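The structure appears below as structure tokens.
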Amino acid sequence: MKVTIVGAGNVGATCADVISYRGIASEVVLLDIKEGFAEGKAMDIMQCATTTGFNTRVSGSTNDYSKTANSDVVVITSGIPRKPGMTREELIGINAGIVKTVADNVLKFSPDAIIVVVSNPMDTMTYLTLKATGLPKNRIIGMGGALDSSRFKYYLSQALAKPSNDVQGMVIGGHGDTTMIPLTRLASYNGSPVSNFLSQEVLDKVAADTMVGGATLTGLLGTSAWYAPGASVAYLVDSILNDQKKMIPCSVFLEGEYGQSDICLGVPCIIGKNGIEEIVDIQLNDAEKALFAKSADAVRAMNGDLKAVLS
Ligand SMILES: NC(=O)c1ccc[n+]([C@@H]2O[C@H](COP(=O)([O-])OP(=O)(O)OC[C@H]3O[C@@H](n4cnc5c(N)ncnc54)[C@H](O)[C@@H]3O)[C@@H](O)[C@H]2O)c1
Ligand SMILES: O=C(O)C[C@H](O)C(=O)O
């Protein structure tokens with residue numbers, strides 16, 4: 001199976017590294033607009049093959065989309081990341097043009113690919129990709145919820161002082177500092193509600209920390225994070241290529257599900273060889289429904305800024 005990753009920067013290259021290290025795909029093409037950059041990243045990753053023991057072929061391309069032909073999955077990470085103090089939404093002006101051009105180019109050579117959108121503001125870039133390409137909704141997947149959920153589980157595990165892998169939990173809604181919805185009511189420690197072990201005050205702090213998880217890392221690193229984002233994309237790609245049918249919160253075009261239409265927003269999805277195979281209704285309570293509606297209002301307002309690029 002072949003995966004193309006457009007944008008060989010921090011997130012794209014990390015994703016290529018995880019995909020090859022874990023043998024998720026037989027071939028990975030990294031493509032970047034910066035001369036020689038993707039080739040360099042691919043060569044560096046390939047030089048791990050004998051020491052970490054993988055057989056995936058990783059190659060690089062400077063903006064030559066013919067090298068990406070017949071990809072099963074295309075990941076779009078091209079664009080600029082935020083700097084400390086910025087919101088993801090401030091990236092829309094530059095990233096919208098980049099994402100639209102990239103989506104058009106990849107489809108010329110991989111007309112059947114499933115597209116995973118990573119560039120920020122991710123929900124808006126996912127909506128843009130869907131509207132610009134006209135592809136069916138199962139083939140356009142926004143990655144944000146997998147990452148936000150892994151951060152939620154991290155913060156829960158820290159509060160519980162227990163391993164992350166013993167914690168279950170999901171984040172839905174927008175992939176934004178104020179639009180994310182960590183579902184604390186449904187989070188569990190090995191099947192027991194986390195509220196059996198943590199006070200409401202601690203749970204509120206876990207949720208707040210999760211929502212600004214990306215901003216916290218951006219403040220510490222000077223640019224946005226890449227290890228967990230790259231690994232989260234690889235996790236999603238694994239579920240597609242290996243038809244794992246994992247339930248992963250993803251940004252998907254909604255047509256009445258969760259009470260919303262004409263918007264891409266994070267909801268729990270079954271991810272398999274056809275991309276989004278099902279949107280799962282996890283029965284939100286009234287308070288969660290209200291948060292989801294508020295999140296949708298904010299993301300919809302941002303989508304309004306796409307008029308120029310979509311016309
Ligand atoms: N959805 C998420 O969960 C999530 C997580 C992390 C980062 N992001 C977003 O992903 C994007 C990339 O982040 P990063 O840290 O890898 O940034 P980066 O600057 O390290 O890499 C971006 C790469 O895109 C390339 N690029 C720019 N325009 C291009 C074009 N037209 N064609 C091909 N390549 C092009 C750049 O040359 C650069 O190498 C940002 O928008 C960031 O906000 C999203
Ligand atoms: O925080 C960012 O801007 C990048 C990404 O969306 C993240 O959550 O790490």
Side-chain angles (χ1 to χ4, degrees), residues 4-17 29-42 60-65 67-68 74-106 115-126 128-129 141-152 154 171 174-180 182 209-236 248-251 264-266:
T4 284
I5 301 168
V6 183
N10 285 335
V11 177
T14 304
C15 178
D17 192 35
V29 177
L30 271 168
L31 182 144
D32 204 283
I33 201 164
K34 231 187 284 173
E35 187 69 40
F37 190 61
E39 288 86 340
K41 289 286 183 101
S61 161
T62 302
N63 227 24
D64 176 0
Y65 281 83
K67 303 230 170 90
T68 70
V74 174
V75 177
I76 302 181
T77 73
S78 47
I80 55 164
R82 64 174 157 168
K83 295 258 179 270
M86 289 174 74
T87 65
R88 297 176 181 86
E89 288 75 11
E90 287 174 68
L91 306 173
I92 189 173
I94 295 180
N95 286 355
I98 293 174
V99 168
K100 182 172 183 302
T101 308
V102 166
D104 289 344
N105 284 336
V106 293
I115 299 184
V116 176
V117 181
V118 181
S119 310
N120 274 316
M122 182 280 292
D123 299 287
T124 298
M125 294 303 106
T126 306
L128 166 66
T129 306
I141 310 176
M143 196 297 294
L147 171 64
D148 300 332
S149 300
S150 70
R151 286 184 178 143
F152 183 36
Y154 163 78
V171 176
H175 179 61
D177 297 345
T178 57
T179 56
M180 240 174 252
D209 286 346
T210 301
M211 292 173 77
V212 295
T216 299
L217 286 165
T218 304
L220 292 168
L221 298 168
T223 183
S224 58
W226 58 89
Y227 292 116
S232 301
V233 180
Y235 178 76
L236 185 59
I248 303 174
C250 295
S251 190
C264 289
L265 206 56

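What you are looking at is a predicted structure, and each value in this text was computed from that prediction instead of being measured. Atoms within a ligand are numbered from 1 in the order they appear, just like the ligands themselves.
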If the contact criterion is a heavy-atom separation under 4.0 Å, does V118 count as touching ligand 1?
yes

In V102, V106, T68, the residue satisfying side chain to side chain contact (heavy atoms under 4.5 Å, CB included) with L31 is T68

In this structure, atom 19 (O) of ligand 1 is nearest to the protein heavy atom P81 CD, 3.5 Å

So, regarding L31 and ligand 1 (criterion: nitrogen or oxygen to nitrogen or oxygen, under 3.5 Å), is there a contact or not?
no

Please list, in number order, the atoms of ligand 2 under 4.0 Å from a heavy atom of R88.
1 (O), 2 (C), 3 (O), 5 (C), 6 (O), 7 (C), 8 (O)

Flag the pair T62 / F37 as yes when at least one side-chain heavy-atom distance between them is below 4.5 Å, and no otherwise.
no

Could a heavy atom of W226 be found less than 4.0 Å from some atom of ligand 1?
no

Of all protein heavy atoms, the one nearest atom 22 (C) of ligand 1 is G79 O, 3.2 Å

Pick, from S119, S61, S78, the option with the minimum heavy-atom distance to atom 26 (N) of ligand 1.
S78

Tell me which part of D148 gets within contact of ligand 2: side chain, backbone, both or neither, using heavy atoms under 4.0 Å.
neither

Heavy-atom contacts under 4.0 Å between M143 and ligand 1: side chain, backbone, both, or neither?
both

Taking only non-hydrogen atoms of T223, do any sit less than 4.0 angstrom from ligand 1?
no

Nearest to atom 9 (C) of ligand 1, what protein heavy atom do you find, and at what distance?
N120 ND2, 3.5 Å

Side chains of C15 and T77: closer than 4.5 Å at any heavy-atom pair?
no

Within-cut-off N or O pair, R151 and ligand 2, under 3.5 Å
yes

Taking atom 3 (O) of ligand 2 as the reference point, the nearest protein heavy atom with its distance:
R82 NE, 2.6 Å

Quick one: look at L217 and ligand 2, take heavy-atom pairs under 4.0 Å, and tell me if it's side chain, backbone, both or neither.
neither

Using heavy atoms and a threshold below 4.0 Å, how should the contact between H175 and ligand 2 be classified: side chain, backbone, both, or neither?
side chain

Shortest protein contact, atom 40 (C) of ligand 1 (heavy atom only)
I80 O, 3.3 Å

Closest candidate by heavy atom, reference atom 34 (N) of ligand 1, pool N95, T14, I33, I92
I33

Considering non-hydrogen atoms of the protein only, which is the closest contact for atom 4 (C) of ligand 2, and what is the distance?
S224 CB, 3.4 Å

Step by step, work out the side chain to side chain contact (heavy atoms under 4.5 Å, CB included) result for I115 and V117.
CA-CA 6 Å; I115 299 184; V117 181; 4.1 Å; yes

